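So the structure is just underneath, and the comments pick up after that.
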Amino acid sequence: MPIHLYNTLTRRKEPFQPLDPKRVRLYVCGPTVYDFAHIGNARPVVVFDTLFRLLRQAYGADPVTYVRNITDVDDKIIAAAAESGEAIRALTERTAAAYRDDMAALNALPPTHEPRATEHISQMIAMTERLIAGGFAYAAEGHALFHVPAMADYGQLSKRSLDDMIAGARVEVAPYKKHPADFVLWKPSTPDQPGWDSPWGRGRPGWHIECSAMAEGLLGETFDIHGGGQDLIFPHHENEIAQSRCAHGGAPLARIWMHNGFVQVEGEKMSKSLGNFFTVRQLLEEGHRGEAIRLALLSAHYRQPLDISREGLKEAKTELDRFYTALDKAADLPLDGEAAPSGEVMAALEDDLNTPLALSHLHELVTRLNKAAGDGEKAHLKSALLASGGLLGILQQAPEAWLRGATAEAGPTADQIEERIAARMAARKARNFAEADRIRDELAGDGVILEDSPTGTTWRRAG
RNA sequence: GGCCCGGUGGCAGAGUGGUCAUGCAGGGGACUGCAAAUCCCCGUACAUCGGUUCGAUUCCGGUCCGGGCCUCCA
């Protein structure tokens, strides 16, 4: 079955067919680096990382190019730097590094390219010049502005007409704008703001132009998939489309536009402006493991709103315990030579990235693994489970590490635990169950859970 | 006001025109010295009102409720 994806442009699920059969090109809007990423920022990363993994599975790793930009010039960055006194470059470097670490903790693969806006200023200027030359933009008072009425079919992605926008306009219109909907391609900088020389004077790019310029440079005029959060549909993506198409003789920017739903807290959008957010870092420091956060983010379909909560993260952790416990018991079994993801998991993901359905099949796989009698069948199911989990970016660490690795809270070392288990075993042999239970309770107090089996006692951290 | 999404069992969350989601929590059982883990069984879920239909949670329309975008925002 071919991959089907929901296209915001047509509001329908469409079969996916790469423009160039030999390569797949994906662009996702990345972070503005002025602060730590919150889980709302993490959702598109995890969602599109899962798409990246699926595309690599379907087309091979090499043909898939995934671009995710870093916005390192922006008024919020200028404001944050001014407030803290930190140099802008230091702030953006530090924040970008933290972002990479946090996303890696969520098992997100690095994108193929991670362009920084400040490294592509000349392309932005060039594209702006082309737009002006083509009559789609104009210069005014140190600015360059895109003239929205110059584009006949503006508004296709967000399904709004120019009239609607004027009617609903809540923005005050700058006097140099020819039309209220016109937006900035380039704006002047004061001497203390970052700026670059341009035909319109020293200044910096507007928000939308960077994605158009970087996508053009790395992926070409038209590519396959463009992704981002729902809040980017308007104005950001609409304006990207306007700039790119008008600079490219009308060629489409991306064939499929995908947008993830919001992360919510108590039914309300989580966002920096509302202040109701948790950063990824904060949750990691609280002891929630990245893989559990990832699973929680994949537990709802990407286009649905997702309420994130500590309870939800705990539930995700419990589910991972079950997966890893089963894998731990099968640790000695060999993997199938050509371990492929289960067909059901593939099919679920191929249907517009239905991760909750895919996860339900993973649960069925683990139940079958737990029930399987023969080693051959177990090995086969283990292989399918691992390969399927790999598509979702979970279950890839050693069960040993998940169950018995060090956790945020300091507990007894593995050696100390083994020692206590030996002591308990001796007590059990002597049928001194009171002592055995005392040791077990003591370890439980240290966050260590024991499991007796005919072949011995194993342990794991409750974490 | 314009344009979008949603409302499924205690919770999370898929899906479907006519016997099954799945997970977590809970109850019962098997196993265990007792546990834990594991397995088995259990709960008359689809906001509401109409319509279409032999039959609707699923399709259509109205109503109510919730969320989002229209301004920086994943």
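All figures in this text were calculated on a predicted structure; none of them were measured in a lab.
N354(A) has no side-chain polar atom (N or O) that falls below the 4.0 Å cut-off from OP1 or OP2 of A14(B). K159(A) has no side-chain polar atom (N or O) that falls below the 4.0 Å cut-off from OP1 or OP2 of G2(B). One finds no side-chain N or O of K314(A) lying less than 4.0 angstrom from the OP1 or OP2 phosphate oxygen of A12(B).
L157(A) places its CG atom 12 Å from the C1' atom of C69(B), with the value rounded to the nearest Å.
Applying the salt bridge (Lys or Arg N to Asp or Glu O under 4.0 Å) rule to D35(A) yields no partners; only residues at least two apart in sequence or on another chain are considered. Applying the salt bridge (Lys or Arg N to Asp or Glu O under 4.0 Å) rule to D74(A) yields the partners K76(A); only residues at least two apart in sequence or on another chain are considered.
Using bins of under 30°, 30° to 60° and over 60° for the plane-to-plane angle, the ring pair F234(A)/Y154(A) lands in the perpendicular bin.
Remark: of the listed residues H147(A), H208(A), H143(A), H208(A) is the sole one forming a ring-ring contact (aromatic ring centres under 6.0 Å, His included) with F183(A).
Sequence neighbours left out, the pairs with a member in residues 27-51 of chain A that pass ring pair (Phe, Tyr, Trp, His ring centres under 6.0 Å) are Y27(A)-H226(A), H38(A)-F277(A).
For F234(A), the side-chain atoms get nearest to C69(B) when compared with the rest of A37(B), C69(B), A21(B). Considering only the side chain of R160(A), C70(B) comes nearest among A21(B), A74(B), C70(B). Side chain of P356(A), nearest nucleotide from C4(B), G2(B), A14(B): A14(B).
Salt bridge annotation for R303(A)-D352(A): present, with a cationic side-chain nitrogen under 4.0 angstrom from a carboxylate oxygen.
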Sequence-aligned protein contact record of nucleotides 23-33 of chain B, with B where the base is within under 4.0 Å of a protein heavy atom and S where only the sugar-phosphate is: BS--------B
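Paired regions of RNA chain B, where each region holds three or more successive Watson-Crick or G-U pairs whose two hydrogen-bonding distances fall under 3.5 Å, are B:1-7 with B:64-70, B:10-12 with B:22-24, B:26-30 with B:38-42, B:47-51 with B:59-63.
Looking at residues 295-305 of chain A, you'll see S299(A), A300(A), H301(A), Q304(A) sit with a heavy atom under 4.0 Å from some atom of RNA chain B.
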